[in-house]
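The figures that follow rest on heavy atoms only: side chains count, while hydrogens, waters and symmetry mates do not.
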Amino acid sequence: MNWIILIIAGLFEVAFASCLGKAKETTGSEMYGWYGGFLLSLTISMLLLMKATQNLPIGTAYAVWTGIGAVGTVVIGIVVFKDPITFWRIFFIITLIGSIIGLKSVSH
């Protein structure tokens, strides 16, 4: 269950980073809506991370949380924000995914 909580926390990290990207593209009240989404996603992500670290090693939990956030944010960047797709970006994202899976497999 703690791993599921940690994965959800990582997805909310992707959400708060995405909200920052959308806020940068907008103005006025729409921009404040995206900043509100950022604050809400950030709060939920942190609370879930705190919950997960009660039973998982902090180093592993934090690395997995940031890894999920990094991979998810790059994917959102490519799909939503039209960030460039290069060989090295994909190579390092695959390497990061492998590292996340490795950390999970060696953690109790």
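In this structure, I100 and G67 approach most closely via the heavy-atom pair CD1-C, 3.4 Å. Shown here for A61 and L49, the closest heavy-atom pair between the two residues is O-CD1, 4.2 Å. Shortest non-hydrogen contact noted between M50 and T53 is O-OG1, 2.9 Å. Of all non-hydrogen atoms in V14 and I68, the two that sit nearest each other are CG2-O, 3.7 Å. R89 and P84 get closest at one heavy-atom pair: CD-O, 3.1 Å.
Contact annotation: the side chain of V80 approaches that of I76 to within less than 4.5 Å [non-hydrogen atoms, C-beta and beyond]. Residues W3 and V64 have side chains in contact (heavy-atom distance under 4.5 Å, counting atoms from C-beta outward). Residues F92 and V74 have side chains not in contact (no heavy-atom distance under 4.5 Å, counting atoms from C-beta outward). You'll find the side chain of S18 stays beyond 4.5 Å of the side chain of F38, heavy atoms only. Looking only at side-chain heavy atoms (C-beta outward), S45 and F16 come within less than 4.5 Å of each other.
F91 and I97 sit in two unconnected hydrophobic clusters of ILVMFWY residues. Membership requires side-chain heavy atoms under 4.5 Å apart, directly or through other members. Cluster annotation: F81 is connected to V75 through the hydrophobic network of ILVMFWY side chains, with a link wherever side-chain heavy atoms come within less than 4.5 Å. Hydrophobic clustering keeps W34 apart from L20 (ILVMFWY residues linked when any side-chain heavy atoms are closer than 4.5 Å, directly or through intermediates). Under the 4.5 Å side-chain heavy-atom criterion for Ile, Leu, Val, Met, Phe, Trp and Tyr, V79 and F87 are members of distinct hydrophobic clusters.
In this structure, E25 CD and M31 CE are separated by 13.0 Å, a value rounded to the nearest 0.5 Å. Note that CD1 of I101 and CG of L96 are 10.0 Å apart. Values are rounded to the nearest 0.5 Å. Distance check, rounded to the nearest 0.5 Å: CD1 of I44 to CG of L40 gives 4.0 Å. To the nearest 0.5 angstrom, M46 atom CE is 7.0 Å from E13 atom CD. Rounded to the nearest 0.5 Å, atoms CG (D83) and CD1 (I78) are 7.0 Å apart. Q54 CD to I5 CD1: the interatomic distance, rounded to the nearest 0.5 Å, is 8.5 Å.
Not a single donor-acceptor pair under 3.5 Å links the side chain of T60 to the backbone N or O of L103. For T73 (side chain) and A70 (main-chain N/O), no donor-acceptor pair under 3.5 Å exists by modelled atom type. Remark: side-chain polar atoms of S105 are paired, donor with acceptor, to backbone N or O of G102 under 3.5 angstrom.
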Between L48 and L6, is the side chain to side chain contact (heavy atoms under 4.5 Å, CB included) condition met? List the steps.
CA-CA 7 Å; L48 291 173; L6 185 60; over 6 Å; no
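Using cut-offs of 30° and 60° on the angle between ring planes, the pair W65 and Y62 is tilted.
Summarising the local packing, OH of Y32 is surrounded by 12 or fewer heavy atoms from other residues, nucleotides or ligands at distances under 6.0 Å.
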